[in-house]
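Accompanying notes for the structure given below.
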Amino acid sequence: MAIRIAYLYEDLMNTYGDSGDVKIIKYLLEKQGYDVQVENISLGMDFNAEDYDFIFFGGGQDFEQTIVAKDLQRHKDTLEKYINSGSPMLAICGGYQLMGNYYKTISGTTIDGLGILPLHTVFKADKRMIGDTHYQSDFGEVKAFENHSGQTYFESELKPFGKMIEGYGNNPQDGVEGVHYKNFIGSYSHGPLLRNINIAEEFCKLIIAHHKEKAEQA
Ligand code: GLN
């Protein structure tokens, strides 16, 4: 049975080469002999997270995020269940922001997120966080690129994905990057992130384990 990957709103959420994350995962899994199917889950489409072995949600500009955020609410329950049961998911930048409670943009509007993770994101005029990043993550060293105006803050106990060496990550104060909750990773890293092959390989391990577990249950 093929490994199924859901790419949420691929046509709208794909800034700075984020679709490369999915291409790298597909390439690495195929090299190991797996068949891999990638499906774009876009506006208005039906979606059952449990049908997939991996879910990817890329970055987007405020305009696209506004459109996507409304449609995304339909998938809150299925995504919450998927994440809480420990299934693997990667969300980058704009996608990461929408998994939290809200994102207050530069124009002052508040975009509602899914509220699956207790965090929120706010625009602050002091800086746009743009440039190279370097950090030590739970899966090893990462070198990437960030470009966001939203600053992300945890509202309660959450574990970040990495500790900054260079760049901003979640916000200019905390010195941490992204979030690591069960097998959900949220990150501000573009580049794409998974050109850091150590990180891509960790994701492949999680995806294969999840795929096998599902096959046993079927
Ligand atoms: N629009 C969001 C921000 O500026 C996310 C940007 C992105 O996904 N690259 O913070």
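Numbering starts at 1 and runs along the sequence shown. In listed order, ligands and their atoms are each counted from 1.
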Using only atom types and a distance under 3.5 Å, with no angle test, would you say the side chain of Thr78 pairs donor to acceptor with the backbone of His75? no
Just which atoms of ligand 1 are under 4.0 Å from any heavy atom in [X]?
X	result
Gly94	5 (C), 7 (C), 8 (O)
Gln97	2 (C), 3 (C), 5 (C), 10 (O)
Gly59	8 (O)
Thr15	8 (O), 9 (N)
His190	9 (N)

Pair [X] + [Y], salt bridge at N-O below 4.0 Å:
X	Y	answer
Lys81	Glu50	yes
Lys159	Asp138	yes
Glu30	Lys26	yes
Asp53	Lys214	yes

Mind checking whether [X] contacts ligand 1 via backbone (N, CA, C, O), side chain (CB onward), both or neither, at a 4.0 Å heavy-atom cut-off?
X	value
Asp62	both
Asn147	backbone
Tyr16	side chain

Is the closest heavy atom of Tyr103 to ligand 1 under 4.0 Å? yes
Would you check if Pro160 and Tyr135 make a side-chain contact, meaning some heavy-atom pair closer than 4.5 Å? no
Please state which option from Glu146, His148, Gln65 has its nearest heavy atom closest to atom 2 (C) of ligand 1. Gln65
Do ligand 1 and [X] have nitrogen or oxygen atoms that lie under 3.5 Å from each other?
X	value
Gly60	yes
Ile92	no
Gly150	yes

Do the ring centers of Phe139 and Phe161 come within less than 6.0 Å of each other? yes
Cut-off 3.5 Å, no hydrogens considered: what does the side-chain donor-acceptor table look like for residues 197-209, sequence neighbours left out?
| unit_1 | atom_1 | unit_2 | atom_2 | d |
| --- | --- | --- | --- | --- |
| Asn198 | ND2 | Glu141 | O | 3.0 |
| Glu202 | OE2 | Lys205 | NZ | 3.1 |

Checking side chain to side chain contact (heavy atoms under 4.5 Å, CB included) between Leu90 and each of Phe54, Phe184, Phe57, which is the one that passes? Phe54
What protein heavy atom sits nearest atom 4 (O) of ligand 1, and how far off is it? Ser149 N, 3.0 Å
